[in-house]
*Asks:* 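Before anything else, here's the structure in question.
Every heavy atom of this structure was used, including side-chain atoms; hydrogens, water molecules and symmetry mates were not. Naming: A, B, ... by sequence-line order, numbering from 1 per chain.
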Amino acid sequence: MLSLSHILESQLRAAMQRAFPAVEAELNPQLVPASKPEFGDFQANGALPLAKPLKQPPRQIATAIVEQLLKDPTFTDLCLEPEIAGPGFINLTLRPERLAMEVASRLADERLGVPAVQAASPVVVDFSSPNIAKEMHVGHLRSTIIGDSLARVLEFRGHPVLRLNHVGDWGTQFGMLITHLKQVAPEALETADAVDLGDLVAFYREAKKRFDDDEVFQATSREEVVKLQGGDPVSLKAWGLLCDQSRREFQKIYDRLDIRLSERGESFYNPFLAAVIDGLQQKGLLVTDAGAECVFLEGVQGKDGKPLPVIVQKSDGGFNYATTDLAAIRYRFGSGPDGDAARRVVYVTDAGQANHFAGVFQVAERAGWIPDGSRLEHVPFGLVQGEDGKKLKTRSGDTVRLRDLLDEAVERAEADLRSRLAQEERSESEEFIHHVAGTVGLAAVKYADLSQNRITNYQFSFDRMLALQGNTAPYLLYAVVRIAGIARKGGDLDASTTQLQFTEPQEWALVRELLKFDAVIAEVEEELLPNRLCAYLFELSQVFNRFYDQVPVLKAEPEALPSRLALCRLTADTLKLGLGLLGITTLERM
RNA sequence: GGGGCUGUAGCUCAGCUGGAUAGAGCGACGGUUUCCUAAACCGUAGGUCGUGGGUUCGAGUCCCGCCAGCCCCGCCA
């Protein structure tokens, strides 16, 4: 209904101008969706702020606006007579036949009323970003799931999206690991898969410990990084082997989650690091401090009130992550061949990096590397916590591997399903059980994460995410299954309907809910908050379940049947599309 | 010490540019099934929106102070 609201807005604006031609300030109708169903479809709050400048009671102002509205035939064609309520709200109700027309047009539109932008320049979504030589763990869960969903929404809107996996394949950590392996397991640096990933993780832990405790080891590691960054063939080969091995493990997780990503690790920007330093130098932003090249931030003070630096070149000559991030910003906004020519770049990383990104973004801004009219955004999210409110750990206190977490979700979904089948004395094939459990388990993990406002910490709970009632994936999937059930029992959902007619309040409620879809997608695209889409899909499922419970479909009167089937079809299409944008696949039976 | 985020019902959370009596789910309590999967639906109870000021026609939402929790703070990412 976005297009209708735009039309209404301009009609309101015009009516206000006609009613109060003397007012010079911009007249804003303040048109928003009605806060409650009994107030109609939209409400215009614009009369209230005019009370003071016009020295008139707001209801009188609203009356004058409504008077003008009623003189506009395009308005009366669209809406019933407006009502003035409360202190001066103008409540607008669309004509039922217009709502039915909107439904009809969506039934004929595979995009369900969501317009496609004609965008040539890409949007970069930087997400997931695990580290080479480590396993993906619960810390990568949110970035991976949220980033994928945002990418899907942006793609659906028509943006060319670059899904970039900025894997940690460079830097000090590699120096540590390679140095350690040279000493304890040199074969791992020369032969592919000489040690498995689990061992690599153990080696990494040992290396990290030595790095923290042993100054000699620390120095050797730093030298190793410099060698690597300098292109030393032995180091490079070892590095390549480690990356290949990790990459294959990551891919298994991505395949399982149905997530597509282009790997472009930190190392990719290696050739562009020196130019970052030169560029900052040319802009006069660079300051040498204690041997390190820094840019001091404006408006951010550290202890003792001195400005905080962003270090772009360490005193040993090496570059660090800030340098890489700056090079990445230049590359992503830059035009080809060495550039992505993006107009919007978003980073889906944990909220703990907010300061880092604020600093890096400021430096990029001051260096003039963010083109006018383009957007550079950090999309932060909170920690994953256990049900005890602390950082999620295994019972033995280790980090939870992503693989294990997904396995457990699916196992629990399967156990639930089997006990339910037994209870209902249903018999299903093993294939069915595995397919349903796999879909439900992964959907539950994704939905639970996405349905919460990402900025807050997220309390992870298998029991809650797999619950069959409430705002959960199973509840939404069940709504889709119910509609599929209607189709199986003889309802032809694809039957074309020339005349839509709705009589029951439950039908109208469903119609109105269905028509909100386009506005929700626009909101997610803008705000990058997938939980808004989740909230909508949950609401839609509830409204549908109410309809399903209280209004017969297959046993409807012949004149009502086609319209009700059409509502079912549009509901199923909307749920499937919406869930698809969350990265969740639906089922026909469960 | 400085900065960021958070604080809303017993629990987990919504609350979009400030707008009508602050919403949902779970849990609790009470109902509904000869009918499309009851994995559902209907109802009841439950809140000084951390706290004190301020801005204004109007504040959970904006501004300032304070309290509590989490995170970050020069050569890790």
*Asks:* What about the rings of A/Tyr475 and A/Tyr447, do their centers lie closer together than 6.0 Å?
*Replies:* no
*Asks:* How many Å lie between CD1 on A/Ile311 and C1' on B/C75, as a whole number?
*Replies:* 4 Å
*Asks:* Which heavy-atom pair separates A/Leu466 from A/Asp416 by the least distance, and what is that distance?
*Replies:* O-OD2, 4.2 Å
*Asks:* Regarding A/Tyr475, tell me which of base, sugar-phosphate or nothing describes its non-hydrogen contacts under 4.0 Å with the strands shown.
*Replies:* sugar-phosphate
*Asks:* Name all residues meeting the side-chain contact (heavy atoms from CB on, under 4.5 Å) criterion together with A/Arg589; count only those two or more places apart in sequence or in a different chain, and write none if there are none.
*Replies:* A/Arg426, A/Glu428, A/Phe432, A/Arg488
*Asks:* Measure CD/A/Glu527 against P/B/G15 and give the value in whole Å, please.
*Replies:* 10 Å
*Asks:* On RNA chain B, compare the nucleotides closest to A/Ala487 and A/Asn545; which residue's is nearer the 5' end?
*Replies:* A/Ala487
*Asks:* Could you check which of B/A38, B/G19, B/U21 has an atom nearest any side-chain atom of A/Gln30?
*Replies:* B/G19
*Asks:* Indicate the ring-plane relationship of A/Phe174 and A/Trp239, choosing parallel, tilted or perpendicular according to the 30° and 60° boundaries.
*Replies:* perpendicular
*Asks:* Atom OH of A/Tyr204 and atom P of B/C76: how far apart are they, to the nearest Å?
*Replies:* 12 Å
*Asks:* Is A/Ala467 touching bases, backbone alone, or none of the nucleic acid, heavy atoms closer than 4.0 Å?
*Replies:* nothing
*Asks:* NA contact type, A/Pro309, heavy-atom cut-off 4.0 Å: base, sugar-phosphate, or nothing?
*Replies:* base
*Asks:* Identify, with sequence neighbours excluded, every residue that meets salt bridge (Lys or Arg N to Asp or Glu O under 4.0 Å) alongside A/Glu298.
*Replies:* A/Arg366
*Asks:* Going by heavy atoms closer than 4.0 Å, what residues in residues 134-147 of chain A are next to RNA chain B?
*Replies:* none
*Asks:* With sugar-phosphate meaning primed atoms plus P, OP1 and OP2, does A/Arg532 contact a base, only sugar-phosphate, or nothing at under 4.0 Å between heavy atoms?
*Replies:* sugar-phosphate
*Asks:* Can you check the A/Ile455 CD1 to B/C13 C1' distance for me, whole Å?
*Replies:* 15 Å
*Asks:* Starting at CG of A/Asp316 and ending at C1' of B/G74, how long is that distance when rounded to a whole Å?
*Replies:* 13 Å
*Asks:* Would you say the ring centroid of A/Phe89 lies under 6.0 angstrom from that of A/Phe39?
*Replies:* no
*Asks:* Give the dot-bracket line for RNA chain B from 5' end to 3' end: parentheses for intra-strand Watson-Crick or G-U pairs under 3.5 Å, square brackets for crossings, | for inter-strand pairing, dots for unpaired.
*Replies:* (((((((..((((.....[...)))).(((((.......))))).....(((((..]....))))))))))))....
*Asks:* Under 5.5 Å centre to centre and under 30° between planes: does that hold for A/Phe39 and the six-membered base ring of B/A20?
*Replies:* yes
*Asks:* Whole angstrom is fine here: how far is it from CG in A/Leu450 over to P in B/A14?
*Replies:* 13 Å
*Asks:* Does B/U12 have OP1 or OP2 sitting under 4.0 Å from an N or O in the side chain of A/Gln459?
*Replies:* yes
*Asks:* Would you indicate whether A/Glu38, at its atom CD, is surrounded by more than 12 heavy atoms from other residues, nucleotides or ligands within a distance under 6.0 Å?
*Replies:* yes
*Asks:* Is the A/Tyr321 ring parallel, tilted or perpendicular to the A/His356 ring (thresholds 30°, 60°)?
*Replies:* tilted
*Asks:* Which listed nucleotide (B/C36, B/A39, B/C5) is nearest to the side chain of A/Leu468?
*Replies:* B/A39
*Asks:* Determine: side-chain N/O of A/Gln452 to OP1/OP2 of B/C13, distance under 4.0 Å, yes or no.
*Replies:* yes
*Asks:* Would you indicate which nucleotide in B/C5, B/U21, B/C41 comes nearest to any side-chain atom of A/Gln550?
*Replies:* B/C41
*Asks:* Looking for any heavy atom pair under 4.0 Å, which part of the strands does A/Asn453 touch: base, sugar-phosphate only, or nothing?
*Replies:* sugar-phosphate
*Asks:* Indicate, with a heavy-atom threshold strictly under 4.0 Å, whether A/Val310 touches base, sugar-phosphate, or nothing.
*Replies:* nothing
*Asks:* If the cut-off is 4.0 Å, is A/Lys52 near the phosphate of B/C57, judged by side-chain N/O to OP1 or OP2?
*Replies:* yes
*Asks:* Take the protein atom OH of A/Tyr458 and the nucleotide atom C1' of B/U6, then report the distance between them rounded to whole Å.
*Replies:* 18 Å
*Asks:* Would you please confirm or rule out a distance under 4.0 Å between OP1 or OP2 of B/C76 and any side-chain N or O of A/Lys208?
*Replies:* no
*Asks:* In residues 41-51 of chain A, which residues come under 4.0 Å of RNA chain B by heavy atom?
*Replies:* A/Gln43, A/Asn45, A/Leu48, A/Pro49
*Asks:* Can you sort out the partners of A/Phe250 under ring-ring contact (aromatic ring centres under 6.0 Å, His included), two or more places apart, ordered by chain and number?
*Replies:* none
*Asks:* Closest approach to the side chain of A/Asp289, judged atom by atom: which nucleotide of B/G74, B/C42, B/C35 is it?
*Replies:* B/G74
*Asks:* Can you tabulate the close N/O pairs, meaning under 3.5 Å, that link protein atoms to atoms of nucleotides 24-34 of chain B?
*Replies:*
from  : atom 1 : to       : atom 2 : distance (Å)
B/G25 : OP1    : A/Gln542 : NE2    : 3.4

*Asks:* Quick check on B/U12: is either OP1 or OP2 less than 4.0 Å from any side-chain nitrogen or oxygen of A/Thr456?
*Replies:* no
*Asks:* Just checking A/Arg222: base, sugar-phosphate only, or nothing, at a heavy-atom cut-off of under 4.0 Å?
*Replies:* sugar-phosphate
*Asks:* Measure the CG-CG distance between A/Leu8 and A/Asp41 for me, rounded to the nearest 0.5 Å.
*Replies:* 9.0 Å
*Asks:* Identify whether any heavy atom of A/Ser315 sits under 4.0 Å from a base atom; if not, whether one sits that close to sugar-phosphate; answer base, sugar-phosphate or nothing.
*Replies:* base
*Asks:* A/Tyr269 vs A/His166 aromatic rings, parallel, tilted or perpendicular, using cut-offs 30° and 60°?
*Replies:* tilted
*Asks:* So do A/Leu587 and A/Val440 actually touch side chain to side chain, heavy atoms under 4.5 Å?
*Replies:* yes
*Asks:* Indicate, with a heavy-atom threshold strictly under 4.0 Å, whether A/Val543 touches base, sugar-phosphate, or nothing.
*Replies:* nothing
*Asks:* For nucleotides 43-47 of chain B, give me every protein contact, N/O to N/O, under 3.5 Å, one pair per line with atom names.
*Replies:*
none

*Asks:* Below 4.5 Å, heavy atoms only, C-beta onward: do A/Ser541 and A/Leu575 meet side chain to side chain?
*Replies:* yes
*Asks:* Could I get the full list of side-chain contact (heavy atoms from CB on, under 4.5 Å) partners for A/Asp463, not counting sequence neighbours?
*Replies:* A/Arg412, A/Ser461
*Asks:* Restricting to side-chain contact (heavy atoms from CB on, under 4.5 Å), what partner residues turn up for A/Ala354, sequence neighbours left out?
*Replies:* A/His378
*Asks:* Test of understanding: with ring-ring contact (aromatic ring centres under 6.0 Å, His included), list the residues that count as partners of A/Phe211, not counting sequence neighbours.
*Replies:* none
*Asks:* Taking the side chain of A/Asn531 as its heavy atoms from C-beta onward, which of B/A38, B/C36, B/G15 lies nearest to it?
*Replies:* B/G15
*Asks:* Summarise how protein sits on nucleotides 67-72 of chain B as a single string, 5' to 3': B when a protein heavy atom is under 4.0 Å from the base, S for sugar-phosphate-only contact, - for no contact.
*Replies:* ---SSB
*Asks:* Which part of the nucleic acid does A/Ala292 contact within heavy-atom distance under 4.0 Å: base, sugar-phosphate only, or nothing?
*Replies:* base
*Asks:* Describe the nucleic acid contact of A/Asn91 in one word from base, sugar-phosphate, nothing, applying a heavy-atom distance below 4.0 Å.
*Replies:* base
*Asks:* Atom OH of A/Tyr548 to atom C1' of B/A39: distance rounded to whole Å?
*Replies:* 12 Å
*Asks:* Of all the nucleotides listed (B/A20, B/A39, B/G74), which has the minimum atom distance to the side chain of A/Leu417?
*Replies:* B/A39
*Asks:* Got a donor-acceptor contact below 3.5 angstrom from the A/Thr323 side chain to the A/Leu273 backbone?
*Replies:* no
